[in-house]
Amino acid sequence: CRRKHQSARIRILQAIPEEGAVPYSFLTGKLNVTKAAIDPLVQKGLLTIREVSTYRNPFQHDSGKKQAFFLTDAQRKALAELTASYHGDQKPVLLHGITGSGKTLLYIELIEEVLKEGRQAIVLIPEIALTYQTMMRFHNRFGSRVSFIHSRLSQGERHDQFELAREGKLDIMIGPRSALFTPFKNLGLIIVDEEHESSYISETTPRYHTNEVAMERMRLSGGLCVFGSATPSMESAYRASMGEYKLVKLTQRAVKGAQLPNVSIVDMREELKKGNRSIFSDELQEALYDRLNKKEQSML
């Protein structure tokens, strides 16, 4: 047994280069060295065991070059209003932008403005909307300065991300409502995307409404809240109409030439008066037959 330990100690000393280091797991795994062989070398001062904290990264991806994005005139105008609010009275902003108007790009540009001042940002997105494509847009722009939390992370992985934020190693946290509690020390911006979503209201203890908590965090740290939606909640729309929120609108799609679909609202009571007892209005039936004649498809 003694000769076995001596052989193990020789393997250890040969594996460690002068003034170098090797992982403890390498010694006990690859070199098949036991703790009994390591301890005497530590006691004699020939080895030092040092603990190093490592953090798990939930989003392993090498970001490439920053993509160049060009703002439309409408986006530039909206961004100027958001930036003015951030540097001005910091009244909460309701960003009412139609689908495809480019709200995410405005979020990215506004975050860039906040980071220039050495402050941090939180972006809240409903779990269902936190897609790989969304994460990639932020990661390609901000690289290792941004992190993400979501329901598939373990408690340990969530803890790691919050620790990195607390230690100042992150500037941006993106995730569902729980990301709201990221312990940034100089938080300057909270963005609540799809602010009308019911998932922002916690039905379990502690019960809270994300929008209210976000505004309180910004009141305490002196930052800006931005609530974004194509279909704002009634509460937010009312607050904007009463002047509690600043209203910023995006009414055009970002892609040139993209048009909003035509929408018809049919009062089925009028259909009954005309003798139509079907669950389909005359207009809908005509449209369906028209698509069938054109060999096209319809979805109901």
I'd like to know whether [atom1] of [X] has more than 12 heavy-atom contacts from other residues, nucleotides or ligands below 6.0 angstrom.
{"X": "Tyr238", "atom1": "OH", "answer": "no"}
{"X": "Lys77", "atom1": "NZ", "answer": "no"}
{"X": "Ile128", "atom1": "CD1", "answer": "no"}
{"X": "Glu216", "atom1": "CD", "answer": "yes"}

- Item | Leu247: side chain to side chain contact (heavy atoms under 4.5 Å, CB included) partners, not counting sequence neighbours | Leu94, His96, Ala240, Lys249

- Indicate whether any N or O donor in one side chain lies under 3.5 Å from an N or O acceptor in the other, for Thr83 and Glu113. no

I'd like to know if [X] pairs up with [Y] as an ion pair, taking the criterion as any Lys NZ or Arg NE/NH1/NH2 lying under 4.0 Å from an Asp or Glu carboxylate oxygen.
{"X": "Glu109", "Y": "Arg141", "answer": "yes"}
{"X": "Arg119", "Y": "Glu117", "answer": "no"}
{"X": "Lys294", "Y": "Asp290", "answer": "yes"}

Are the side chain of [X] and the backbone N or O of [Y] linked by a donor-acceptor pair below 3.5 Å?
{"X": "Gln297", "Y": "Arg291", "result": "no"}
{"X": "Thr182", "Y": "Phe184", "result": "no"}
{"X": "Arg177", "Y": "Leu124", "result": "no"}
{"X": "Gln120", "Y": "Asn186", "result": "yes"}

- Given the rule in the side chain to side chain contact (heavy atoms under 4.5 Å, CB included) test, do Glu203 and Ile201 qualify, once you have shown the distances and angles that lead to the verdict? CA-CA 6 Å; Glu203 298 292 348; Ile201 301 175; 3.9 Å; yes

- Item | Residue pairs involving residues 221-239 (criterion salt bridge (Lys or Arg N to Asp or Glu O under 4.0 Å); sequence neighbours excluded) | Glu212-Arg239, Arg239-Glu244

- Task: Taking the side chain as every heavy atom from C-beta outward, state whether Asp282 and Gln285 have any pair of such atoms under 4.5 Å apart.
- Result: yes

- Set of salt bridge (Lys or Arg N to Asp or Glu O under 4.0 Å) partners for Arg277, sequence neighbours left out: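 So Arg277 forms no salt bridge (Lys or Arg N to Asp or Glu O under 4.0 Å) with any residue.
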
- side chain to side chain contact (heavy atoms under 4.5 Å, CB included) between Glu195 and Ser236, worked out: CA-CA 9 Å; Glu195 65 87 28; Ser236 295; 2.8 Å; yes

- Message: Assigning hydrophobic clusters by single linkage (Ile, Leu, Val, Met, Phe, Trp, Tyr; side-chain heavy-atom cutoff under 4.5 Å), is Phe181 placed with Met215?
- Response: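 Yes.
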
- Message: Given Tyr200, which partner from the list Val192, Leu180, Val213 fulfils the side-chain contact (heavy atoms from CB on, under 4.5 Å) test?
- Response: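 For Tyr200, the side-chain contact (heavy atoms from CB on, under 4.5 Å) check succeeds only for Val192.
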
